[in-house]
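Chain letters run A, B, ... following the sequence lines, proteins first, then strands; residues in each count from 1. For clarity, every value in this text was computed on a predicted model and none was experimentally measured. Reckoned from all heavy atoms, side chains included, excluding hydrogens, waters and symmetry mates.
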2 protein chains.
Amino acid sequence: MSGKTTREQIIAAADELFYHRGFEQTSFASIADVVHLSRGNFYHHFKAKDDLLDAVIAARLADTRAMLERWESEAPDPADRIRKFIDILLINRADIQSYGCPVGTLTSELAKLDHTALGAAGGLFTLFRDWLGEQFTRLGYRDDADDLAMHVLAASQGVATLANAFHDEQFIRREVQRLHDWLDTHIDD
Amino acid sequence: MSGKTTREQIIAAADELFYHRGFEQTSFASIADVVHLSRGNFYHHFKAKDDLLDAVIAARLADTRAMLERWESEAPDPADRIRKFIDILLINRADIQSYGCPVGTLTSELAKLDHTALGAAGGLFTLFRDWLGEQFTRLGYRDDADDLAMHVLAASQGVATLANAFHDEQFIRREVQRLHDWLDTHIDD
DNA sequence: GTCTATATACCGATAGAC
DNA sequence: GTCTATCGGTATATAGAC
């Protein structure tokens with residue numbers, strides 16, 4: 001906390017609350033409680049709630065980009081990189097069972113709200129989509145690299161939604177294994 | 001409209017608004033506007049908003065049961081029945097692109113709200129899960145019939161979430177075809 | 001940059017006349 | 001069974017003192 005500016009603390013608190021309770025259900029008061037700030041002081045940092053949402057999405061985009069770059073340096077093999085993506089379902093299984101996927105649930109909520117930030121939130125999906133597509137391209141796929149990327153993305157979203165609904169960790173493990181098996185059938189080496 | 005009671009009209013209006021805008025974001029006033037009723041009169045029919053939610057979920061459960069029974073009478077072959085389930089992604093593609101899956105999005109929202117009706121909403125998933133599991137059992141699967149049912153359910157949820165995020169109809173068509181192909185590899189006849 | 005006080009609007013829910 | 005009027009609470013957002 002010491003190294004963070006007030007603005008960064010607000011974004012971090014909002015990020016978590018948006019994920020746990022949803023965007024619309026998260027009030028400025030609840031964020032202010034976490035950051036130990038008064039409601040009035042809030043508007044010095046963010047003019048409106050939508051501006052805060054934009055900042056949270058921008059922060060998530062930056063975090064995701066950093067994660068993907070880390071994966072790239074850790075795993076030179078494109079198949080291993082895709083495996084890292086699949087495994088976040090396991091790594092984040094506790095949060096996923098409680099709150100679903102942070103990207104999928106935010107996108108669904110903003111779609112129902114008909115919110116202007118829906119496009120920005122969809123950029124998080126695009127980030128993963130393009131990155132996965134690039135890995136499939138490196139695996140030798142050309143025209144259908146994007147289709148395969150979307151398939152992996154959809155599979156992970158389906159697992160997150162049902163894991164959240166049923167609170168079933170074994171289901172996550174089974175589906176992750178199934179996805180790894182599917183990936184293996186799409187690698188010729 | 002003529003043959004429906006006021007209560008049934010309220011439930012139908014709430015059902016649609018909950019799907020299009022979400023539960024929390026749907027106010028009594030907006031439902032009252034649709035049914036042409038005053039806000040005050042509302043509480044003659046439903047004591048609280050949660051009671052209305054329970055009624056909407058009960059109505060969806062009844063509608064779903066009726067649909068599954070219709071499928072059973074239309075298709076004696078369990079594989080054809082599963083195909084009918086897969087094809088609702090195509091039939092409802094317009095709504096899915098705009099609002100996602102009515103079951104998945106409601107469950108995600110109630111999970112974040114920590115709402116008591118989350119279990120009841122999950123019953124909608126259980127209905128499909130058990131029905132799909134029974135079809136896989138009839139196809140000869142025993143221990144893993146439920147796993148396969150959950151896999152089909154997860155696949156459909158993933159497609160719905162991404163179709164909603166990207167508004168991509170061709171993606172739906174590709175993934176539906178992929179699911180049909182997957183199903184064919186799981187039928188030996 | 002932080003605070004208190006407040007404006008304005010909407011929410012779910014209630015009371016009571018008709 | 002339907003209505004109007006209203007309560008109490010909370011939301012976003014603003015104004016202005018310190």
Ring geometry between B:Tyr141 and B:His186 (parallel below 30°, tilted from 30 to 60°, perpendicular above 60°): tilted
Charged N-O contact under 4.0 Å between A:Arg65 and A:Glu69: no
Of the listed nucleotides C:dG1, D:dT2, C:dA13, the one nearest the side chain of A:His44: C:dG1
Whole-Å distance separating the OH atom of A:Tyr43 from the P atom of C:dA7: 16 Å
Minimum-distance nucleotide to B:Ala29 side chain [options: C:dC11, C:dT2, D:dT2]: C:dC11
Length of the CG-P vector between A:Leu52 and D:dA11, whole Å: 15 Å
Separation of atom NE2 in B:His36 from atom P in D:dC3, rounded to whole Å: 11 Å
Atom-to-atom span, CG of B:Asn41 to P of C:dT14 - whole angstrom: 15 Å
Separation of D:dT14 P from A:His45 NE2 (nearest whole Å): 15 Å
Touch class at under 4.0 angstrom, heavy-atom based, for A:Ser38 against every strand present: base
Test item: side-chain donor near acceptor, A:His180 and A:Asp87, under 3.5 Å: yes
Carboxylate-amine/guanidinium contact A:Lys112 A:Glu109, below 4.0 Å: no
Nucleotide D:dC3, atom P - distance to CZ of B:Phe42 in whole Å: 12 Å
Note: A:Asp80-A:Arg83 ion pair, threshold 4.0 Å (strictly below): yes
Minimum-distance nucleotide to B:Lys49 side chain [options: C:dC3, C:dG1, C:dG12]: C:dG12
Whole angstrom value for the distance that separates P of C:dC10 from CD of B:Glu24: 17 Å
Between C:dC10 (P) and B:Arg39 (CZ): distance, integer Å: 11 Å
Sugar-phosphate, base or nothing in reach of A:Phe28, heavy atoms under 4.0 Å: sugar-phosphate
Distance below 4.0 Å between A:Thr6 side-chain N/O and C:dG1 OP1 or OP2: no
Closest to side chain of A:Ser27, choosing from D:dT12, C:dC11, D:dA13: D:dT12
Sugar-phosphate, base or nothing in reach of B:Ser30, heavy atoms under 4.0 Å: nothing
